[in-house]
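Working notes, structure below.
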There are 2 protein chains.
Amino acid sequence: MAPEVGRAAGSTAPRSADVALVAGVSRKTVSRVLNGERYVSDEARRRVLAAAEELGYRLNHAARALASGRTRSLGVVALGTAGYGTASLLVHIEQAARESGYALRVIYTPDGDPEGIAGALASLLEQGVDGVVVSEPIVKGDVPVRVDVPVLFIGAPPAPAFTATRTLTVSVGALELARAATEHLLDLGHETVHQLAGPRQWYATKDRIEGWQAALAARGAHEPPLLNGDWSAASGYAAGRALASDRSVTAVFAAGDEMAIGLIHALREAGRRVPEDISVVGFDGNPVFAYVSPPLTTVRQPFDAAAREGIRLLVHAIEKPDAELPPTGQPPVELVVRGSTAPPPSHRGATALRTT
Amino acid sequence: MAPEVGRAAGSTAPRSADVALVAGVSRKTVSRVLNGERYVSDEARRRVLAAAEELGYRLNHAARALASGRTRSLGVVALGTAGYGTASLLVHIEQAARESGYALRVIYTPDGDPEGIAGALASLLEQGVDGVVVSEPIVKGDVPVRVDVPVLFIGAPPAPAFTATRTLTVSVGALELARAATEHLLDLGHETVHQLAGPRQWYATKDRIEGWQAALAARGAHEPPLLNGDWSAASGYAAGRALASDRSVTAVFAAGDEMAIGLIHALREAGRRVPEDISVVGFDGNPVFAYVSPPLTTVRQPFDAAAREGIRLLVHAIEKPDAELPPTGQPPVELVVRGSTAPPPSHRGATALRTT
DNA sequence: TTGAAAGCGCTAACAC
DNA sequence: GTGTTAGCGCTTTCAA
């Protein structure tokens, strides 16, 4: 079917030269068409496309990357647990990147510690990525890597000693979300709100603590000591067992939905009712927890908006290194009130008296 | 600190030639050291490594890929929802790939339909991957792409019309898991077991239906019509509302944990107790559902084992194209009995009479 | 055990 | 609008 076109008839995959031959144009014109550049006649474009189609031509990204110095790909350093947050963020990052014409290279780092992140970054950089996305890393410690591409941090400011050409940050509004969660509980009439926090060295934990503190301080509420978890339901359960015997606790803000689920389970096992005796609000917004008993009140992390916004920023920094960064909007603060929160027993008691 | 070494002292990143210069060897020797090839003296190796370290040398994968025709990377076609299964599988695939020296390029396909998979494959192939992993795609339809690298299907056999150099499959034992789940219910004394299935065009759905049918048939149990869901808790909830009024239903196998959660919620809202009136078993093994009420009985998908095994196969096919494939073990069948399953009311009734 | 030369397939710069 | 030339940084021959 295809005419004998030099090597194109051979055994190897067709190259741009073969397409050029079939289309009757130069390789550069093929390149122009494939890259959507201007200054190509409609006729030439049509012929190139037809030839590429006929030959089953597939562009070689490695060659393009070598010649152009750009890979049109982004590296992602993902935190290693298959939690809803990480997974959801990754899905949205991939989609946003793809829509901007970038492919994704992913490395998981179970702990998110500086060494792990440094290693992941080094590997990504070797592979040749035009930019890197790091989500919510650890608070302390240097990341001892020379990074010569823009780096986007999702959800937290970059570690202080991090050295990169250009560092970008996009917020998920964790502080505001934590404040909203705490305020919701305070509004319900609780005197104060305990927090079941994540590992202390995570940025994500820090923001949530600060938002909670801010809400407490604004109402003049006493700030109880933090409870510690590791994001897992099991750790929430452990914290709940410890907490159950303290009758003064009427409201808990858990820094993650799964911890909230574990916490509630322990509380109920110990005979404390949720939300009648203790209210619990989670953090993340995994829709499945609308279907447990009680349905979990939570705040939704705007992973979709953050990913879109972040990738927009990153792509901008890659493609227009010298331009100003575009302005970024405030992430939405979305409180999802379901069944795990209610007024404290004291209020309910009053209500009960009235209605009895 | 570093001596003036030609271009190395310039503004661009050091290349292998710079390392060679500093080490006092040829570029080829540098290449040999970096690729762990034999026939390099210890002394030469030491000098090359030292020079690379001193220069902060980073290998250029694009150049290597162009020259060698291999990228040392794997493409993953992931199904688009941020569910526990997909996310968990991806984490384990990445880990196994990294341990074998391969990087990962990921594309999500929300629906897993043939067009989506074809597009994802084409994109991955352009990027230049040495192999591809596709997890549980759709049953029907061609995937009209010329694929010239080995393709691994996790969890299901390849679509019939799929044309690839080499097609590999690794099972998660879904059929056996579905059978185990169904048998568990039958063993408890239920006369039959309903199934809340996933979308019919998914392979994953097919396996689970077949395992369920096999278990039913083996006991001579009647096979009730399938209920339909889309993996989401919301769809499980919808199915549960429809099911609640049918008093003859005493046991349901939900083909996904989240659907099971939604189902249970609807059942309870309608006044049916779980597990007293109806038993429900899920499918996946997300640990968080050990902490809901009732704790979900489920079967655990061996994502870790499947990913390890699958990547081993894929890497073998890539690196030793002509060799036999290594044998693969049977994936473990793990039933996790928790609180959402119990004997049917008839049995319990008998027990209740005795104890009253 | 090591090195020299040739090219992988593409794009950049500059001509026309 | 289009073509020509010269590499991108590495690995692959093949020779020493």
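For clarity, every value in this text was computed on a predicted model and none was experimentally measured. The chains referred to below are lettered A, B, ... by the order of the sequence lines, with proteins before strands, and numbering in each begins at 1.
- Put simply, A/Y39 has no side-chain N or O that comes within less than 4.0 Å of OP1 or OP2 on D/dG3.
- Shown here are the side-chain contact (heavy atoms from CB on, under 4.5 Å) partners of A/A87, two or more places apart in sequence or in another chain: B/A82, B/A87.
- Near DNA chain D, meaning a heavy atom under 4.0 Å from it, residues 44-52 of chain A has A/A44 in order of number.
- Side-chain proximity of B/N60 to the nucleotides D/dC10, C/dC10, C/dG3 is greatest for D/dC10.
- The side chain of B/T29 places an N or O atom within less than 4.0 Å of a non-bridging phosphate oxygen (OP1 or OP2) of C/dG3.
- With respect to A/L74, the side-chain contact (heavy atoms from CB on, under 4.5 Å) criterion is satisfied by exactly one of A/L124, A/V132, A/I318: A/I318.
- For B/R58, the side chain to side chain donor-acceptor pair (under 3.5 Å) criterion is met by no residue, not counting sequence neighbours.
- Summarising the geometry, the separation between CG on B/L66 and C1' on C/dC10 is reported as 8 Å, rounded to the nearest angstrom.
- Closest contact between the side chain of B/R27 and the listed nucleotides D/dT11, D/dT5, C/dT2 involves D/dT11.
- With sequence neighbours left out, A/R45 forms a side chain to side chain donor-acceptor pair (under 3.5 Å) with no residue at all.
- For the residue pair A/V172 and A/P331, the shortest heavy atom distance occurs at C-CG, 3.8 Å.
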What nitrogen or oxygen pairs link the protein and nucleotides 12-16 of chain D at under 3.5 Å?
none

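- Atom CZ of residue A/R27 and atom CZ of residue A/R32 lie 13.0 Å apart, to the nearest 0.5 angstrom.
- Summarising the geometry, the separation between CZ on B/R38 and P on C/dT2 is reported as 14 Å, rounded to the nearest angstrom.
- Remark: B/E37 pairs with no residue by the side chain to side chain donor-acceptor pair (under 3.5 Å) rule, at least two apart or across chains.
- Across the protein-nucleic acid pair, A/D42 atom CG and D/dG1 atom C1' stand 12 Å apart, rounded to whole Å.
- Between the CG atom of B/L34 and the P atom of D/dG9 there is a distance of 15 Å, rounded to whole Å.
- When the side-chain contact (heavy atoms from CB on, under 4.5 Å) test is applied to A/V30, the partners found at least two apart in sequence or on another chain are A/S16, A/V19, A/A20, A/V25, A/L34, A/V48.
- One interatomic measurement links the two molecules: CZ of A/R70 to P of C/dC10, which rounds to 17 Å at whole-angstrom precision.
- One atom, CZ of B/R15, and another, P of D/dT11, lie 14 Å apart when rounded to the nearest Å.
- Look at A/S26 and you won't find any side-chain N or O under 4.0 angstrom from OP1 or OP2 of D/dT4.
- For residues 117-131 of chain A, the pairs satisfying salt bridge (charged side-chain N to carboxylate O under 4.0 Å, His left out) are A/R70-A/D130, with sequence neighbours left out.
- Residues passing the side chain to side chain donor-acceptor pair (under 3.5 Å) test with B/S123 are B/Q127, sequence neighbours excluded.
- For the helix from C/dT1-D/dA16 to C/dC16-D/dG1, the terminal axes (five pairs an end, C1' atoms, rotation from four pairs onto the next four) enclose an angle of 20°, given to 10 degrees.
- The CG-P distance, from A/D18 to C/dC8, rounds to 12 Å in whole Å.
- Straight-line distance from the CG atom of B/N35 to the C1' atom of D/dG9: 13 Å, rounded to whole Å.
- In terms of the salt bridge (Lys or Arg N to Asp or Glu O under 4.0 Å) criterion, residue partners of B/R47 (sequence neighbours excluded) are, by chain and number, B/E43.
- Taking only side-chain atoms of A/R64, from C-beta outward, the nucleotide of D/dT11, C/dC10, D/dG9 with the closest atom is C/dC10.
- Pairs of residues two or more places apart, or lying in two chains, that qualify as side-chain hydrogen bond (donor to acceptor under 3.5 Å, both in side chains) and include a residue from residues 308-317 of chain B are B/E309-B/R312.
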